[in-house]
Amino acid sequence: MNDLLTILNKNSLFYKINLLLTITIAVFLCVLSRTEGFIFLNSFHTKTLKIFFQNITFLGDGMFTFLVSSVILVFSKKHRKLAFLLIMAYLFSGIFSQIFKSIITAPRPSVYFAAHKYKFYLDTFVNSRVGFRSFPSGHSASAFAMATIFSTYFTSKRVSVFSFGFGLLIGYSRIYLAHHFLIDVLGGAIIGILFASLSIVWYDTISLKIIKIITKQRRLMLKPWGTTFPNSSITNG
């Protein structure tokens, strides 16, 4: 618990901005219904924005996380910890997101609008995902997990603001491309931030245990073979 509080204090700007975002979205969801909120957030569509978000949404994919981690591992030995943290945060947030998806029945936007026969259509419905696994947004979880790791690792206000903007863009891209509702993105963001923060605590704990085990093994290996044991006697024949 103390370790988690230390992380919160160390990266306070990032967590404060996300808390403000969460409160704002919560109020938005209380004022507007799921349908009204989705229509409002998709009230402005252009071909340029569609192409932009189609490309940027990939950055919330797990493959991008592994790509970034691989580059760091190969080209920057100094920041190997960062690479392992990114992988841990992605795996834990991803697993938890999939558990929620398997439990909660939540239709994708295109399915939802078709089922309720709303007279609303977006060109992105053609390529949007279908089914009933909308909550939470996996891409948003991955993006905010990565954002949390980067902002905590580098402890820079600029990195914190950039990381927040990165997560926000990925989250909005999921709504713009009609893959998710706002509540799905919020759920994914919370999962990503939470499990990324816990991954930092777990990584440090696991690292300490591994160091202790290695140190113990080294001591045993360096222990001289000619050890005398108490209460033993040697007689000459």
Side-chain angles (χ1 to χ4, degrees), residues 3-4 7-8 11 14-15 18 21-22 25 53-74 79-109 111 127-154 159 162-207:
D3 293 333
L4 189 58
I7 293 170
L8 292 175
N11 192 20
F14 178 80
Y15 288 106
N18 279 285
L21 175 66
T22 302
I25 292 176
F53 283 117
Q54 282 176 337
N55 284 282
I56 202 172
T57 200
F58 163 74
L59 303 182
D61 192 88
M63 290 301 295
F64 180 71
T65 301
F66 281 107
L67 177 62
V68 172
S69 301
S70 299
V71 171
I72 294 171
L73 284 171
V74 173
H79 298 297
R80 281 185 174 179
K81 178 181 177 180
L82 173 60
F84 290 125
L85 284 172
L86 287 171
I87 294 171
M88 279 184 67
Y90 166 70
L91 290 176
F92 284 122
S93 62
I95 290 170
F96 203 80
S97 295
Q98 291 304 315
I99 291 173
F100 262 109
K101 283 179 180 291
S102 64
I103 296 174
I104 300 174
T105 302
R108 299 275 185 176
V111 176
N127 297 315
S128 64
R129 292 188 176 183
V130 295
F132 295 85
R133 298 285 180 88
S134 190
F135 184 89
S137 166
H139 280 67
S140 298
S142 299
F144 275 91
M146 179 180 284
T148 304
I149 295 299
F150 268 103
S151 60
T152 304
Y153 186 86
F154 289 105
V159 175
F162 178 83
S163 298
F164 170 75
F166 169 81
L168 193 63
L169 275 175
I170 301 303
Y172 181 66
S173 74
R174 306 309 290 168
I175 300 171
Y176 190 92
L177 298 174
H179 293 306
H180 289 283
F181 287 102
L182 179 59
I183 193 169
D184 305 330
V185 173
L186 177 61
I190 291 173
I191 290 172
I193 294 170
L194 175 62
F195 281 92
S197 303
L198 290 174
S199 293
I200 298 170
V201 176
W202 293 335
Y203 179 88
D204 291 337
T205 304
I206 293 169
S207 296

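FYI, side chains are in, hydrogens and waters are out, and symmetry mates aren't considered; it's all heavy atoms of this structure. Throughout, numbering of the chain's residues begins at 1 and tracks the sequence.
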Provide the closest heavy-atom pair for [X] versus [Y] in the form atom of the first, atom of the second, distance.
X	Y	value
Leu59	Ile170	CB-CD1, 3.7 Å
Ser128	Ala178	CB-O, 3.2 Å
Gly167	Phe144	O-CE1, 3.2 Å
Gly60	Ala143	CA-CB, 4.4 Å
Gly171	Val185	O-CG2, 3.3 Å

Nearest 0.5 Å, what's the CE-OG distance between Met63 and Ser142?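 Atom-to-atom, Met63:CE and Ser142:OG are 12.0 Å apart.
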Does any part of the side chain of [Y], heavy atoms only, come nearer than 4.5 Å to the side chain of [X], both counted from C-beta?
X	Y	value
Ser173	Leu169	no
Ser140	Arg174	yes
Phe150	Val68	yes
Phe181	Asp184	yes
Ile193	Tyr15	yes
Pro136	Lys101	yes

Residues which pass side-chain contact (heavy atoms from CB on, under 4.5 Å) with Val130, listed by chain and number, not counting sequence neighbours: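 Only Ser110, Val111 meet the side-chain contact (heavy atoms from CB on, under 4.5 Å) criterion with Val130.
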List for me each residue that meets side-chain contact (heavy atoms from CB on, under 4.5 Å) alongside Leu168, sequence neighbours excluded, and say none if there are none.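 With neighbours one apart ignored, the set is Leu21, Phe164.
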Apply ring pair (Phe, Tyr, Trp, His ring centres under 6.0 Å) to Phe135 and list each qualifying residue two or more places apart in sequence or on a separate chain.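 Phe135: no ring pair (Phe, Tyr, Trp, His ring centres under 6.0 Å) contacts found.
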What side-chain donor-acceptor pairs closer than 3.5 Å can you find for residues 80-96, not counting sequence neighbours?
{"residue": "Lys81", "atom": "NZ", "partner": "Asp204", "partner atom": "OD1", "Å": "3.3"}
{"residue": "Ser93", "atom": "OG", "partner": "Ala89", "partner atom": "O", "Å": "2.7"}
{"residue": "Ser93", "atom": "OG", "partner": "Tyr90", "partner atom": "O", "Å": "3.2"}

Pairs touching residues 143-153 that satisfy side-chain hydrogen bond (donor to acceptor under 3.5 Å, both in side chains), sequence neighbours left out: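 Non-adjacent pairs meeting side-chain hydrogen bond (donor to acceptor under 3.5 Å, both in side chains): Asn11-Ser151, Asn11-Thr152, His79-Tyr153.
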Any donor-acceptor pair under 3.5 Å from His180 side chain to Ser134 backbone: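 Between the backbone of Ser134 and the side chain of His180 there is a qualifying donor-acceptor contact (under 3.5 Å).
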Between Ser102 and Ile99 (side chain of the first, backbone of the second, donor and acceptor by atom type, cut-off under 3.5 Å), is there such a pair?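 Pair found, side chain donor or acceptor close to backbone of Ile99.
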side-chain hydrogen bond (donor to acceptor under 3.5 Å, both in side chains) with Ser199: which residues, sequence neighbours excluded?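 Applying side-chain hydrogen bond (donor to acceptor under 3.5 Å, both in side chains) to Ser199 gives none.
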